[in-house]
There are 2 protein chains.
Amino acid sequence: MTKDATTPRERYRSQVRAEIVEQAWKQVATAGASALSLNAIAKQMGMSGPALYRYFASRDDLITELVREAYRSLADTLRAAAAAGADLAGLAHALRDWALADPQRYFLVYGTPVPNYHAPEDTTAVSAEIMTILVDACAALAPAGPPTPFDAHLADHRDWAGDHPAPPAALRRFLAFWTRLHGVLSLELAGHFTGMGFDPALLFAAELDDLLALPR
Amino acid sequence: MTKDATTPRERYRSQVRAEIVEQAWKQVATAGASALSLNAIAKQMGMSGPALYRYFASRDDLITELVREAYRSLADTLRAAAAAGADLAGLAHALRDWALADPQRYFLVYGTPVPNYHAPEDTTAVSAEIMTILVDACAALAPAGPPTPFDAHLADHRDWAGDHPAPPAALRRFLAFWTRLHGVLSLELAGHFTGMGFDPALLFAAELDDLLALPR
DNA sequence: CGGGGATCGTGATAAGTTCTAACTAACTCA
DNA sequence: TGAGTTAGTTAGAACTTATCACGATCCCCG
């Protein structure tokens, strides 16, 4: 996959690695990332505990791989949606579907940081790609109304947007898009809406409508 | 505190309990709730491990107490702000200050659910009080514009608001208030804005401005 | 004011966890 | 075929939560 392993040794190695990651995803999906146990994975694969350390240097290394995969998965999903002609609303629903498909995967990326663990360096590249896709969609919308004071601040602090030609209003719209949808999604996935009776999907749609109508 | 302990036995007991909770907060503040260790707390108090089980039946019981305290603390903070005449903007800044004062405490309440743990029953009452305070402030604002489809949905699913006399538009404004500010706060506290260059406080303020100007 | 009983803290123990070290067995390659 | 690399094993250290049995202490009541 990463490097066409001609030798059967490396082929076997990457296959076992993939199965470890697969089992890890099963555990994460049911119990969350903090409850990930190398011993349990090994037991379920018919191997004994320390054997996994041939494939991952530590538990954190395994979690890092999961985080990387999650970022890549989200980037792929959004890129595919954008390539299929999805506008900002379509990207929003792609994001929501991706989050609902595996809440723990969403938490792994955007939730409370896992203790004793900090993200690897190369996730920032994928994270930047996700932002670029969304900023593109934001810039494609009709420009918003008069510039706000926050727009002025963004015009001076837009290094994170790289050399993206989007105007500050588009960056501001992207930030609103990101934070508002994350607000609804994370509270919904964390179960804070359960028992309140209303439909979270409608709240998500209402927030999205407000975002698309943003030029006030 | 909870029950005026006249007997010295109960007084000592509640005192030790309070010190355990205090040490627990220190640990949570530095390493997060998942990294809370009963042994480490005991060691730091000069006691040996199992002694803590006289005061808390399990680790989850201790976390439950922390969650309860966090909820109560936030409710107290917001109630005090409201009693001091704070409007919705004032409540928003009180919320932000409370969150920034101890990010892990915020995550304990509104973050990714702690694995192998679900919230106790009586937190719902405090949670309801928090919502009531915010809904009050939302209802005090000038009524929003034409009713949205989501307003109609809320009119039919407002059991969570109890017998609060707020109109659906106020409930809708509360939900936007809650989810949008949580979106900015949780991403900021989780460190997703670090390295992007802009000032999260200004984003928070911009979102708040948009909320207050909501009648479009 | 002393005895009886509830309570507190301890060490030992069980069943987990991550992770290291040493060893064996198997496979690959020259 | 022999040498070298690598996979997987068991053993063990240093942790964790949690239970149990025992001794010591303190408090209440007669």
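Chain naming here is simple, since letters A, B, ... match the order of the sequence lines and numbering starts at 1 in each.
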Practice item. Name the nucleic acid region contacted by B:Leu36, choosing base, sugar-phosphate or nothing; use a 4.0 angstrom heavy-atom cut-off, strictly under. Key: sugar-phosphate
Check your understanding: Base, sugar-phosphate alone, or nothing: which one does A:Phe56 contact when heavy atoms must sit under 4.0 Å apart?
Key -> nothing
What is the distance, rounded to the nearest whole Å, between atom [atom1] of [X] and atom [atom2] of [N]?
X       : N      : atom1 : atom2 : value
A:Lys43 : C:dA15 : NZ    : P     : 12 Å
B:Ile63 : D:dT17 : CD1   : C1'   : 12 Å
A:Gln27 : C:dG16 : CD    : C1'   : 13 Å
B:Arg13 : D:dC27 : CZ    : P     : 15 Å
A:Met45 : D:dT9  : CE    : P     : 10 Å
A:Glu10 : D:dA7  : CD    : P     : 10 Å
B:Arg11 : D:dC26 : CZ    : P     : 16 Å
B:Arg54 : D:dA18 : CZ    : C1'   : 13 Å

Check your understanding: Strictly by modelled atom types, are A:Ser186 and B:His182 linked by a side-chain donor-acceptor pair under 3.5 Å?
Key -> yes
Check your understanding: Can the ring centroids of A:His192 and B:Tyr110 be said to lie less than 6.0 angstrom from one another?
Key -> yes
**Study point:** 4.5 Å side-chain heavy-atom contact, A:Glu188 and A:Arg96
**Key:** yes
Under 4.0 angstrom between [X] side-chain N/O and [N] OP1 or OP2:
X       : N      : value
A:Tyr12 : D:dG8  : yes
B:Asn39 : D:dT17 : yes
A:Ser37 : C:dG16 : no
A:Ser48 : D:dT10 : yes

Picking from [options], which would you name as closest to the side chain of [X]?
X       : options               : value
B:Tyr55 : C:dT18, C:dC8, D:dA18 : C:dC8
A:Met47 : D:dA18, D:dT9, C:dT18 : D:dT9
A:Pro50 : D:dT17, C:dA21, C:dG9 : C:dA21

Practice item. Mind telling me whether B:Trp178 and A:Phe193 have parallel, tilted or perpendicular rings, with 30° and 60° as the class edges? Key: perpendicular
Check your understanding: In terms of side-chain geometry, is the basic nitrogen of A:Glu207 or B:Arg180 positioned less than 4.0 Å from the acidic oxygen of its partner?
Key -> yes
